Amino acid sequence: MEYHNPVLLHPSVDALVTNPSGTYVDVTFGGGGHSRAILEKLSPEGRLVAFDQDEESQANLIDDPRFQFVPSNFKNLTRFLQYHKAWPVDGILADLGISSHQIDTAERGFSYSKEGRLDMRMNAAAALSAHEVVNQYDEAQLARLFYTYGELHEGRRLAQQIVRARAEQPIDTTLQLAEALKPSLPRGRENKYLSKIFQALRIEVNHEMEVLESLLTQLPAALKTGGRVAIIAYHSLEDRMVKNFLRAGNLAGEVEKDFFGNPLTPFKAVTRKAVVPDEDEIMTNPRARSAKLRVAEKINVQPNGLDH
């Protein structure tokens, strides 16, 4: 299946793989672009475990004895790595973005510009879809998710518009939702607002922030000392959480210190600041525009705050 060109491919994989004979994990397999690049860097003794909950990604599985696929959400990282005796690992990569394949497949309901049933489930077997959110959440719930996940201050007004529209008839499709919201969208900025609204619905449907939190909190135990994590985020909610955790080892981003004032954090930065796509990559792959890559290495923090 046609998936997007992997974003920040070389910066992420080059920074991630430091031990060619090690064990690595790609928790967002998708089209397999990052996974193939990782395998190219591994020796015959190396190993790659890939996760993806989307059944359609299995059309891209790699025929390589070093490759193992886990059809699961990466919130189950620890459990499956232990089950497959791939624990701890030398590196973990996460590309948190939605794939072009998912956006371009109208019936998946991810795009406000393509007609399809309101769905947005990454895992087609999941119970909650965007249809239930749009048609069953009350005004306060809708306003909360637009404000929290879409970072839209007009969340209440947008929620009211949806409630009024669905009182006349159910909102079944993506284009029906876009049409229902049109009276509340700023003229000339409709696409920007719709993008944020659909982002908020997608995050809610797939519990994306909770799943990311689960992944981050598993990293210190999943990585060997000296192992690395590379995470590509696409919006400020994701990137803020990733930045905080890789900086401090906790979601608040507050670095704890020992008695002597030495920082107690399980990571040290490999990239001093977020790596972003260059102009050439953005030109060939416009959907990479908002991507930010952060890479960190696990250190062995001693009680005195020294790392070894």
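Sequence positions, counted from 1, serve as the residue numbers for this chain. Everything quoted here is computed from the prediction, not taken from an experiment.
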A.B. asks: Can any side-chain N or O of Arg108 pair as donor or acceptor with the backbone N or O of Gln102 at less than 3.5 Å?
C.D. replies: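 A pair under 3.5 Å: no.
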
A.B. asks: Would a 4.5 Å heavy-atom cut-off, applied to side chains only, mark Phe245 and Thr217 as touching?
C.D. replies: yes

A.B. asks: Within the structure provided, determine whether Glu208 and Leu237 are in side-chain contact (heavy-atom separation under 4.5 Å).
C.D. replies: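 When only atoms from C-beta onward are counted, Leu237 and Glu208 do not touch, as no gap falls below 4.5 Å.
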
A.B. asks: Any sub-3.5 Å donor-acceptor pair from Ser184's side-chain atoms to Leu158's backbone N or O?
C.D. replies: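 Not a single qualifying donor-acceptor pair exists.
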
A.B. asks: Verify, without hydrogens or angle tests, whether Asn73 (side chain) and Gln53 (backbone) share a donor-acceptor contact under 3.5 angstrom.
C.D. replies: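 Between the backbone of Gln53 and the side chain of Asn73 there is no qualifying donor-acceptor contact (under 3.5 Å).
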
A.B. asks: Given the rule that I, L, V, M, F, W and Y join up when any side-chain heavy atoms are under 4.5 Å apart, are Leu175 and Leu201 in one cluster?
C.D. replies: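 No.
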
A.B. asks: Hey, is the main chain of Ala130 close enough, under 3.5 Å, to the side chain of Glu132 for a donor-acceptor pair?
C.D. replies: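 Answer holds: no.
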
A.B. asks: Do the side chains of Glu204 and Tyr137 get nearer than 4.5 Å, heavy atoms only?
C.D. replies: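 In contact.
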
A.B. asks: Between the side chain of Glu168 and the main-chain N/O of Ala165, is any donor-acceptor distance below 3.5 Å?
C.D. replies: no

A.B. asks: Using atom types as modelled and distance alone, determine if a side-chain donor or acceptor of Asn285 lies under 3.5 Å from a backbone N or O of Asn5.
C.D. replies: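 Side chain of Asn285 to backbone of Asn5: a pair is present.
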
A.B. asks: Among residues at least two apart in sequence or on other chains, which ones pass side-chain contact (heavy atoms from CB on, under 4.5 Å) with Ala269?
C.D. replies: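 Testing Ala269 for side-chain contact (heavy atoms from CB on, under 4.5 Å), a comparison that skips the adjacent residues, returns none.
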
A.B. asks: Measuring only between side-chain heavy atoms, which start at C-beta, is His34 closer than 4.5 Å to Thr28?
C.D. replies: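 No. Closest side-chain heavy atoms not under 4.5 Å.
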
A.B. asks: Could you report the tightest heavy-atom contact between Ser12 and Val7, atom names first, then the distance?
C.D. replies: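 Reported closest heavy-atom pair: OG-O, 4.5 Å.
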
A.B. asks: Out of curiosity, Arg166 CZ to Gln176 CD, how far, rounded to the nearest 0.5 Å?
C.D. replies: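 Arg166 CZ to Gln176 CD: 14.0 Å, rounded to 0.5 Å.
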
A.B. asks: Is any side-chain heavy atom of Leu96 closer than 4.5 Å to one of Ile231?
C.D. replies: yes

A.B. asks: Could you report the tightest heavy-atom contact between Phe74 and Val211, atom names first, then the distance?
C.D. replies: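 Phe74 and Val211 have their closest heavy atoms at CE1-CG1, 3.2 Å.
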
A.B. asks: Determine yes or no for a side-chain-to-main-chain donor-acceptor pair under 3.5 angstrom, with Ser290 supplying the side chain and His235 the backbone.
C.D. replies: no

A.B. asks: For the pair Glu213 and Lys75, find out whether any cationic side-chain nitrogen is under 4.0 Å from an anionic carboxylate oxygen.
C.D. replies: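 The answer is no: the pair does not qualify as a salt bridge.
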
A.B. asks: Is there side-chain contact between Asp90 and Thr23, with heavy atoms separated by less than 4.5 Å?
C.D. replies: yes

A.B. asks: For the atom pair OH (Tyr193) and CD (Glu154), what is the distance rounded to the nearest 0.5 Å?
C.D. replies: 3.5 Å

A.B. asks: Walk me through whether Lys114 and Thr174 qualify under side-chain contact (heavy atoms from CB on, under 4.5 Å).
C.D. replies: CA-CA 7 Å; Lys114 293 179 172 61; Thr174 51; 5.5 Å; no

A.B. asks: Quick one: CE on Met120 to NE2 on His131, what's the gap to the nearest 0.5 Å?
C.D. replies: 11.5 Å

A.B. asks: Search all heavy atoms of Phe110 against all heavy atoms of Phe198 and return the closest pair with its distance.
C.D. replies: O-CD2, 3.6 Å

A.B. asks: Kindly indicate, with the supporting measurements, whether the criterion side-chain contact (heavy atoms from CB on, under 4.5 Å) is fulfilled by Leu212 and Val242.
C.D. replies: CA-CA 8 Å; Leu212 176 57; Val242 171; 4.2 Å; yes

A.B. asks: Stepwise, does the side-chain contact (heavy atoms from CB on, under 4.5 Å) test hold for Ile162 with Leu177?
C.D. replies: CA-CA 8 Å; Ile162 287 175; Leu177 176 58; 4.0 Å; yes

A.B. asks: Can you hop from Leu181 to Tyr147 via hydrophobic side chains spaced under 4.5 Å?
C.D. replies: no

A.B. asks: Any idea which heavy atoms bring Met209 and Glu238 closest together, and the distance?
C.D. replies: CE-N, 4.0 Å

A.B. asks: Shared ILVMFWY cluster between Val133 and Tyr112, side chains joined below 4.5 angstrom?
C.D. replies: yes

A.B. asks: Distance check, rounded to the nearest 0.5 Å: Ile299 atom CD1 versus Lys268 atom NZ?
C.D. replies: 7.0 Å

A.B. asks: Out of curiosity, Leu185 CG to Lys192 NZ, how far, rounded to the nearest 0.5 Å?
C.D. replies: 13.0 Å

A.B. asks: If you count heavy atoms of other groups shown closer than 6.0 angstrom to CD of Glu256, is the number above 12?
C.D. replies: no

A.B. asks: Are more than 12 heavy atoms, taken from residues, nucleotides or ligands other than Glu115, located less than 6.0 Å from that residue's CD atom?
C.D. replies: yes

A.B. asks: Once you round to the nearest 0.5 Å, how far does CG of Leu223 lie from CD1 of Ile92?
C.D. replies: 4.0 Å

A.B. asks: For the NZ atom on Lys292, are there more than 12 heavy atoms of other groups (residues, nucleotides or ligands in this structure) within a distance under 6.0 Å?
C.D. replies: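 No, because the 6.0 Å sphere around NZ of Lys292 holds 12 heavy atoms or fewer from other groups.
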
A.B. asks: Which is it for Arg157 and Gln161 under the side-chain contact (heavy atoms from CB on, under 4.5 Å) test, yes or no, and what are the steps along the way?
C.D. replies: CA-CA 6 Å; Arg157 178 160 53 85; Gln161 187 66 31; 5.9 Å; no

A.B. asks: Look at the aromatic rings of Tyr83 and Phe80 and report parallel, tilted or perpendicular, splitting at 30° and 60°.
C.D. replies: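 Geometry flag for Phe80 against Tyr83: perpendicular rings.
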
A.B. asks: In the hydrophobic cluster built from side-chain contacts under 4.5 Å, what are the other members alongside Leu93?
C.D. replies: Leu9, Val13, Leu16, Val17, Tyr24, Phe29, Ile38, Leu39, Leu42, Leu48, Leu61, Ile62, Phe67, Phe69

A.B. asks: Does one hydrophobic cluster hold both Leu293 and Val276, with members joined at side-chain heavy-atom distances below 4.5 Å?
C.D. replies: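 Hydrophobic grouping puts Leu293 apart from Val276.
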
A.B. asks: Side chains of Arg247 and Val255: does their closest heavy-atom pair fall under 4.5 Å?
C.D. replies: yes

A.B. asks: Specify the closest pair of heavy atoms between Ser236 and Glu151, including all atoms of both residues, with the distance to one decimal.
C.D. replies: OG-OE1, 2.6 Å

A.B. asks: If you look at every heavy atom in Pro220 and Pro266, which pair is closest and at what distance?
C.D. replies: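 In this case the closest contact between Pro220 and Pro266 is CG-CG, 4.3 Å.
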
A.B. asks: Counting only N and O atoms by type, is there a donor-acceptor contact under 3.5 Å from the side chain of Thr284 to the main-chain atoms of Glu281?
C.D. replies: yes

A.B. asks: Using only atom types and a distance under 3.5 Å, with no angle test, would you say the side chain of Asn135 pairs donor to acceptor with the backbone of Ile171?
C.D. replies: yes

A.B. asks: Is there a chain of hydrophobic side chains (I, L, V, M, F, W, Y, each step under 4.5 Å between heavy atoms) that links Phe146 to Leu128?
C.D. replies: yes

A.B. asks: Can any side-chain N or O of Asn60 pair as donor or acceptor with the backbone N or O of Gly30 at less than 3.5 Å?
C.D. replies: yes

A.B. asks: Check whether the side chains of Gln199 and Ser195 place a donor and an acceptor atom closer than 3.5 Å, and report yes or no.
C.D. replies: no

A.B. asks: Hey, are Arg66 and Asp64 close enough for a salt bridge, meaning a charged N less than 4.0 Å from a carboxylate O?
C.D. replies: yes

A.B. asks: Can you find a heavy atom in the side chain of Met122 that is under 4.5 Å from one in the side chain of Ile98?
C.D. replies: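 A side-chain contact under 4.5 Å exists here.
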
